[in-house]
Amino acid sequence: MSEEEQIIDEVEAENLLVELDEYLVSGVHIGTTIATRFMHPFIYRVRNDGLYVLDVKKLDERLRIASKFLGRYDPSKVAVFSTRQYGTVPSSKMARVCGFKSMPGRFIPGTLTNPNARTHLEPDVVLLNDPRADKQALMEAKKMGIPIVAFCDSDNVTSYVDFIIPVNNKGRRSLARAYHTLTQQILRERGDLDMLKPLPESVEEFSFRLRDA
């Protein structure tokens with residue numbers, strides 16, 4: 001039995017936010033060859049090649065919880081940061097659709113801590129693409145006492161993250177799927193989208209485009 005077949009066998013009866021095969025084809029469950037102690041609760045298994053596989057059910061559960069949490073905030077007081085290249089497009093797309101603030105690419109030091117900084121923001125909550133790549137944003141949010149929600153892969157240290165969303169936070173398709181699903185559910189929780197209707201924007205619109213694509 002293949003890895004996908006094993007996961008499907010366990011999850012097929014679950015009511016997920018999106019079809020299981022849509023999660024799997026995007027690779028949201030593919031972790032790294034390292035699993036920190038912080039991420040062990042979210043590991044489904046380790047493959048023969050040493051790659052850790054993240055638990056799709058826990059990803060889905062945490063996307064639901066995160067959507068309820070983020071959906072309660074004034075959209076203008078939510079900030080999304082992604083230094084990682086493949087996260088720049090989906091994080092910006094989420095921000096536009098949801099009305100959040102975003103800063104794709106390099107995080108300017110002082111954005112959260114220096115009122116005189118050109119890029120200064122005063123969010124009530126932040127969403128990070130990767131606690132390691134977005135370390136400056138992480139540390140500034142911690143210093144300012146701002147709650148931190150973050151996409152976390154198997155190799156992430158999550159000491160200062162308040163809410164972990166376990167997902168492959170490095171893959172292009174994985175990030176497009178994660179941001180798209182979270183965006184869709186946030187709008188549903190806010191009452192801006194019917195619970196049974198899909199997000200009008202496609203997953204492809206949330207995907208970073210390769211130059212030769």
- Please lay out, stage by stage, how R190 and D192 fare under the test salt bridge (charged side-chain N to carboxylate O under 4.0 Å, His left out). CA-CA 5 Å; R190 293 197 324 208; D192 296 332; 3.1 Å; yes
- Task: Take R62 and R64 through the side-chain contact (heavy atoms from CB on, under 4.5 Å) test and state the conclusion after the steps.
- Result: CA-CA 5 Å; R62 292 203 153 227; R64 289 177 187 274; over 6 Å; no
- Determine, step by step, whether L20 and V56 satisfy the side-chain contact (heavy atoms from CB on, under 4.5 Å) criterion, reporting the C-alpha distance in whole Å, the side-chain angles of both residues, the deciding distance to 0.1 Å, and the verdict. CA-CA 8 Å; L20 179 58; V56 177; 3.8 Å; yes
- List the steps and the verdict of side-chain contact (heavy atoms from CB on, under 4.5 Å) for D55 and R45. CA-CA 8 Å; D55 191 321; R45 74 181 188 90; over 6 Å; no
- Give the C-alpha distance, both sets of side-chain angles, the deciding distance and a yes or no for ring-ring contact (aromatic ring centres under 6.0 Å, His included) between Y73 and F69. CA-CA 8 Å; Y73 285 90; F69 178 68; 5.2 Å; yes
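By the 4.5 Å heavy-atom criterion applied to side chains, L17 and Y23 are counted as neighbours. Side-chain contact check for F151 versus L128: every heavy-atom pair is 4.5 Å or farther apart. The side-chain heavy atoms of C152 and P131, taken from C-beta on, include a pair separated by under 4.5 Å. Inter-residue side-chain proximity for L59 and H29 is flagged as unmet; no heavy-atom pair is nearer than 4.5 Å. Between M94 and S102, the closest side-chain pair of non-hydrogen atoms is not below 4.5 Å. You'll find the side chain of R172 reaches within 4.5 Å of the side chain of L210, heavy atoms only. Using a 4.5 Å cut-off on side-chain heavy atoms (C-beta onward), L112 and F81 make contact. V126 has its side chain within reach of P123: a pair of non-hydrogen atoms, C-beta onward, lies under 4.5 Å apart.
Pairing each heavy atom of K68 with each of E189, the nearest pair is NZ-OE2, 3.3 Å. In plain terms, the two heavy atoms of L51 and G31 that are nearest each other are CD2-O, 3.3 Å. Closest heavy-atom contact between P90 and L175: CB-O, 4.1 Å. The heavy-atom pair separating R106 from P109 by the smallest distance is NH2-CD, 3.7 Å. Taking every heavy atom of both residues into account, A79 and L121 meet most closely at CB-CD1, 4.4 Å. Pairing each heavy atom of V28 with each of S174, the nearest pair is CA-OG, 3.4 Å.
Note that OG of S67 is 9.5 Å distant from CZ of R188, once rounded to the nearest 0.5 Å. Here CG of L182 is found 6.5 Å from CG of L127. Values are rounded to the nearest 0.5 Å. For the atom pair I65 CD1 and L70 CG, the distance stands at 11.5 Å (nearest 0.5 Å). Atoms CD and CG, on Q185 and L193 in that order, are 9.0 Å from each other to the nearest 0.5 Å.
Between the side chain of D162 and the main chain of V149, no donor-acceptor pair closer than 3.5 Å is present. Judged by distance alone, with hydrogens and angles left aside, the side-chain atoms of T111 form a donor-acceptor pair with the main-chain N or O of I108 at under 3.5 Å.
A continuous path of Ile, Leu, Val, Met, Phe, Trp and Tyr side chains, each step under 4.5 Å between heavy atoms, connects M144 with V161, placing both in one hydrophobic cluster. Hydrophobic clustering of Ile, Leu, Val, Met, Phe, Trp and Tyr side chains at less than 4.5 Å, counting indirect connections, keeps L54 apart from I34. Neither V25 nor L199 shares a network with the other; the hydrophobic side chains, linked directly or stepwise wherever heavy atoms of I, L, V, M, F, W or Y lie under 4.5 Å apart, form separate groups for each.
Of the listed residues (N129, D155, D130), just one forms a side chain to side chain donor-acceptor pair (under 3.5 Å) with K170, and that residue is D155.
In terms of the side chain to side chain contact (heavy atoms under 4.5 Å, CB included) criterion, N48 has no residue partners (sequence neighbours excluded). The side chain to side chain contact (heavy atoms under 4.5 Å, CB included) check on R118 picks up nothing, with sequence neighbours excluded. Scanning for salt bridge (Lys or Arg N to Asp or Glu O under 4.0 Å) contacts around E205 gives K93, with sequence neighbours left out.
Within 6.0 Å of the NZ atom in K58, the count of heavy atoms belonging to other residues, nucleotides or ligands exceeds 12.
Cation-pi geometry between R47 and Y52 is not satisfied (NZ or CZ under 6.0 Å from the ring centre, within 45° of the ring normal).
Counting only N and O atoms by type, the side chains of N156 and T158 include no donor and acceptor under 3.5 Å apart. Looking only at atom types and distance, the side chain of T32 has no donor-acceptor partner in the side chain of D153 under 3.5 Å away.
Between Y179 and F206, the distance separating the two ring centers is not shorter than 6.0 angstrom.
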